[in-house]
Amino acid sequence: MRQILPGIRRIQVVDCNLLPPNVALKSEANLPISILADTVEISFIGNPQCERNSENDNNSTSEKTTLEFLTVEEFPFYKGNFAFIITCVSRESYLIGAREAPFPIVNVKQKTGTPSGDSAGYEVEVSFIAIKSLIPLSL
């Protein structure tokens, strides 16, 4: 019996320029993808969520992946194009992003919370649409 545990245990950020070329197409061809670039780990609060939706449109498939998490770190997402690597509790890692356009769209909201105990920090939402948007990584 194999058990798959839900949840994200690690989120890392990497500059899109440092990724290998054509990762989505390579993944579609079942070629192994590895990231050998330096990454920056982002600490998070609570339970991050990642969701992938596939659509069939005009005989082609398009995927949209959305990653949402809350962090206390102010990361300069506006200074370039960044891809995200998530590692699940089951030790599987996935890449959200590519070296080529379109790049992931990162929206950051600063939340102050309420005195009654709501979390304060930065709410980050990452959206990425591509032929393959949640790319399995081989480590």
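Throughout, residue positions are numbered sequentially from 1 according to the sequence presented.
- Rounding to the nearest 0.5 angstrom, the gap separating the CG atom in Leu137 from the OG atom in Ser27 is 8.5 Å.
- The other residues sharing a hydrophobic cluster with Leu70 are Ile45, Val72, where clustering joins ILVMFWY side chains under 4.5 Å apart.
- Phe75 is linked by a side-chain contact (heavy atoms from CB on, under 4.5 Å) to Val13, Val40, Ile42, Phe77, Phe82, counting only residues two or more places apart in sequence or in another chain.
- By the side-chain contact (heavy atoms from CB on, under 4.5 Å) test, Ala98 is found to be paired with Val23, Glu100, Phe128, residues two or more places apart in sequence or in another chain being considered.
- Under the side chain to side chain donor-acceptor pair (under 3.5 Å) criterion, Ser138 pairs with Ser34, sequence neighbours left out.
- Other members of a hydrophobic cluster containing Phe103 are absent, since no ILVMFWY side chain comes under 4.5 Å of it, directly or through relayed contacts.
- The side-chain contact (heavy atoms from CB on, under 4.5 Å) check on Pro102 picks up nothing, with sequence neighbours excluded.
- Not a single side chain to side chain donor-acceptor pair (under 3.5 Å) links Arg99 to another residue, sequence neighbours left out.
- Applying the salt bridge (Lys or Arg N to Asp or Glu O under 4.0 Å) test to every pair with at least one member in residues 121-133, sequence neighbours left out, gives these pairs: Lys109-Glu123, Lys111-Glu123.
- A search for salt bridge (charged side-chain N to carboxylate O under 4.0 Å, His left out) contacts involving Arg52 returns Glu63, not counting sequence neighbours.
- With contacts defined as side-chain heavy-atom distances shorter than 4.5 Å, the pair Val124/Val106 qualifies.
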**Message:** Quick one, Glu51 with Thr65, criterion side-chain hydrogen bond (donor to acceptor under 3.5 Å, both in side chains). Give me CA distance, side-chain angles, the key distance, then yes/no.
**Reply:** CA-CA 6 Å; Glu51 181 179 298; Thr65 296; over 6 Å; no

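- With salt bridges taken as basic N to acidic carboxylate O contacts below 4.0 Å, none links Glu55 and Lys64.
- Residues that satisfy the salt bridge (charged side-chain N to carboxylate O under 4.0 Å, His left out) test with Glu68, not counting sequence neighbours, are absent from this structure.
- Shown here are the side chain to side chain donor-acceptor pair (under 3.5 Å) partners of Glu28, two or more places apart in sequence or in another chain: there are none.
- Side chains of Ser90 and Glu92: a donor on one and an acceptor on the other come within 3.5 Å.
- Judged as a side-chain contact (heavy atoms from CB on, under 4.5 Å), and not counting sequence neighbours, the contacts of Ile105 are Asn107.
- Between Phe69 and the choices Ile86, Ile11, Ile8, the side-chain contact (heavy atoms from CB on, under 4.5 Å) rule is met once, by Ile11.
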